Amino acid sequence: MNCNCLSRPTVLHTPSNLTAPTRASHLPGRSVSETNHKSTMTKSLPPVVTRFAPSPSGFLHIGGARTALFNWLFTRHHGGQFRLRIEDTDRARSSDEAIAAIIDGLTWLGLDWDDEVFYQSSQQARHAEVAADLLAAGKAYKCFATPEQLKDMREAQKAAGQPIRYDGRWRDRDPDEAPQGAPFVVRLRAPQNGQTVIDDKVQGKVVVKNDQLDDMVLLRSDGTPTYMLSVVVDDHDMGITHIIRGDDHLSNAFRQRALYDALGWAAPSFAHIPLIHGADGAKLSKRHGALGVEAYREMGYLPAALRNYLLRLGWGHGDAEIISADEAVKLFSLEGVGKGPARFDFKKLDALNAHYMRHGDPAATVSAAAPFFETKLGRPLDGDQRALLETALPLLSERAKTLRDLVSGGGFLFAERPIEPDEKAQEVLTDEARKILARLVPQLEALERWDAETLGQAIGAFAETEGLKLGSIGPAVRGALTGGTASPGIFEVLALLGRTESLARLRDQAI
RNA sequence: GACCCCAUCGUCUAGUCCGGUCUAGGACGCUAGCUUUUCACGCUAGAAACGGGGGUUCGAAUCCCCCUGGGGUCGCCA
């Protein structure tokens, strides 16, 4: 697979990091020249510029997050620029909350973008101007067909078993035939013969006959640009070199390609990555399991784990499974992206999350876990408690898949006395067991050192003098200390809780 | 319906481009055993896939065709 991107002419693009970051500086608009400038920049290859262009009508869902990740990885791998563009052309369906959620989600995942956020709606005038130019050049035309007429047309086509597409009724008709002042849309006069070939970086060579494509709407009857026009103009103006996006845009690419050609612009490279499906194999949509990334955060997943999981979903590199962000940047390539859709599997995400909790950066895990503990406790963790959490982390994470599991397994650390043993613990804390506890307490009180090893020896010796096996006193100690029947080893728990608290909890249950 | 895309264990994938080293590898999950103060972790072992049919070839998971199955798109949404 060769990279024809290297020979693509680039647009003259002001390095945005050199301009003052004013409110308007990220609006290239008509200041962008269309001059091909390859000769003056021969020594450096055209830089890679990618973009993630979500529509702010929902939240950053998992599929979008992966698209962003792949763009980010590809860009960082090539040392290029990764831009964030909010496709808010449809103002009615856009919301500030959605924009905030997208930005929060990307930030949480550690996907940083270059330059300021670009808002597509800020370019409407530019888009309309491009359409006007096309109209003037005869490459676009006015279509006076009403929505009702088009609806009828489609129904007729469907009834006749014909392909559904605009029939070109105004393509060659004299605009003067339309009623005076009638509303119209502007459509692209797309080629009707021949074929269009897109050498997709993931899907390979894809060919579509031009007679399959109809004349798409560029400008709505209210004069606003459609998505199809906006993306092409913005991608061009922003100097985007590689468009990496969901598979669902593959057919759009052919229409957009026609627009590029009409405009005389070189099209960027395309890479259409497969969509993510739910565990049942059905498409992951907003109403079917497609959660926003914040939902994964709330479920207790670490960003590093989710990122690693998303990376491996649809991309592979030999047997590599655990891949750090740095390694991913080094290894990532579009060639490694699979062509088929992948199903989302929580079990594997769990496994990855467990790995990162156990072997990742402890400080990051503690920071991520703290809010979960605080929510559970209803109060903030103080410095000592945070430190306690950090020392307990290795023990706790061995028993957890998510940060939530950390809370359910480590809640005893911050529980307030007297601890209420749960049902199972109560069964273990028989009168007999409580008496044993009473005899154990003085033995522990006498200890000079209070660490797991010393405690282990002391309790072992106690068991021996009592003529008991460790297994018959352990559960009671655990029940008294944690209020439950599952926890890290009791010696470790004793050490974690400290002498004062441990003894107090044991006395609470002893009789 | 039309057009386009895809197809290896239950799931994610390696291998496919450059046919033989594939009695198809890894990971998650699953099963069994070991370890063990509980729960886990860990370790060991195991079950588990080239959708079907035709070709091409000495030889095909790998190349070609058809079928089947999945998916996407067909808006004055993005």
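All figures in this text were calculated on a predicted structure; none of them were measured in a lab. In what follows, chains are A, B, ... by sequence order, proteins preceding strands, each numbered from 1. Heavy-atom basis, side chains included; hydrogens, waters and symmetry copies ignored.
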On a whole-Å scale, what distance lies between the [atom1] atoms belonging to [N] and [M]?
N	M	atom1	value
G26(B)	A14(B)	P	15 Å
G51(B)	C9(B)	P	7 Å
U16(B)	A49(B)	C1'	15 Å
A24(B)	G10(B)	P	15 Å
G1(B)	C67(B)	P	14 Å
U8(B)	C4(B)	C1'	24 Å
U31(B)	U36(B)	P	23 Å
G53(B)	A60(B)	P	14 Å

Distance below 4.0 Å between Arg255(A) side-chain N/O and C4(B) OP1 or OP2: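 Looking at the OP1 and OP2 atoms of C4(B), neither is under 4.0 Å from any side-chain N or O of Arg255(A).
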Arg312(A) vs A27(B): side-chain N/O to OP1/OP2 distance below 4.0 Å: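 Checking Arg312(A) against A27(B): no side-chain N or O falls below 4.0 Å of OP1 or OP2.
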Candidate nucleotides C76(B), A78(B), C5(B), ranked by approach to the side chain of Arg154(A) - the nearest: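 In terms of side-chain proximity for Arg154(A), the closest of C76(B), A78(B), C5(B) is C76(B).
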Pi-cation contact, Phe118(A) with Arg51(A) (under 6.0 Å, within 45°):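 No, Arg51(A) does not lie over the aromatic ring of Phe118(A).
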Side-chain-base donor-acceptor pair under 3.5 Å for [X] and [N]:
X	N	answer
Lys339(A)	A7(B)	no
Ser221(A)	C76(B)	yes
Arg399(A)	C39(B)	yes
Asp319(A)	G25(B)	yes
Arg478(A)	U38(B)	yes

Assign [X] to base, sugar-phosphate, or nothing according to its heavy-atom contacts below 4.0 angstrom with the strands shown.
X	result
Ile490(A)	base
Val231(A)	nothing
Ala160(A)	nothing
Phe344(A)	nothing
Val185(A)	base
Gly489(A)	base
Glu87(A)	sugar-phosphate
His249(A)	base
Glu321(A)	base
Lys401(A)	sugar-phosphate
Pro488(A)	base
Gly246(A)	nothing
Asp214(A)	nothing

If you measure only the distance, is there a donor-acceptor pair under 3.5 Å linking the side chains of [X] and [Y]?
X	Y	result
Asn71(A)	His242(A)	no
Gln212(A)	Arg165(A)	yes
Asn252(A)	Tyr227(A)	no
Asn210(A)	Thr196(A)	yes

Residue whose closest nucleotide on RNA chain B lies nearer the 5' end, Thr226(A) versus Arg66(A):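 Nearest-nucleotide comparison on RNA chain B picks Arg66(A).
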RNA chain B: 5'-proximal contact among Pro225(A) and Gly471(A) (nearest heavy atom):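 By nearest-heavy-atom nucleotide position, the 5'-most residue is Gly471(A).
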Atom [atom1] of [X] and atom [atom2] of [N]: how far apart are they, to the nearest Å?
X	N	atom1	atom2	value
Tyr309(A)	U11(B)	OH	P	12 Å
Gln212(A)	C3(B)	CD	C1'	5 Å
Phe346(A)	C12(B)	CZ	P	15 Å
Asp422(A)	C39(B)	CG	P	14 Å

Carboxylate-amine/guanidinium contact Asp422(A) Lys424(A), below 4.0 Å: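 Answer for the salt bridge query: no.
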Close side-chain approach of Val130(A) to Leu263(A), heavy-atom, < 4.5 Å: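 The answer is yes; the side chains approach within 4.5 Å.
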Is [N] paired to anything, Watson-Crick or G-U wobble with both distances less than 3.5 Å, and if yes, which nucleotide?
N	value
G69(B)	C6(B)
A48(B)	none
C74(B)	G1(B)
G33(B)	C43(B)

Aromatic ring proximity, centroids under 6.0 angstrom, Tyr301(A) and Tyr356(A):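 Ring centres of Tyr301(A) and Tyr356(A) not closer than 6.0 Å.
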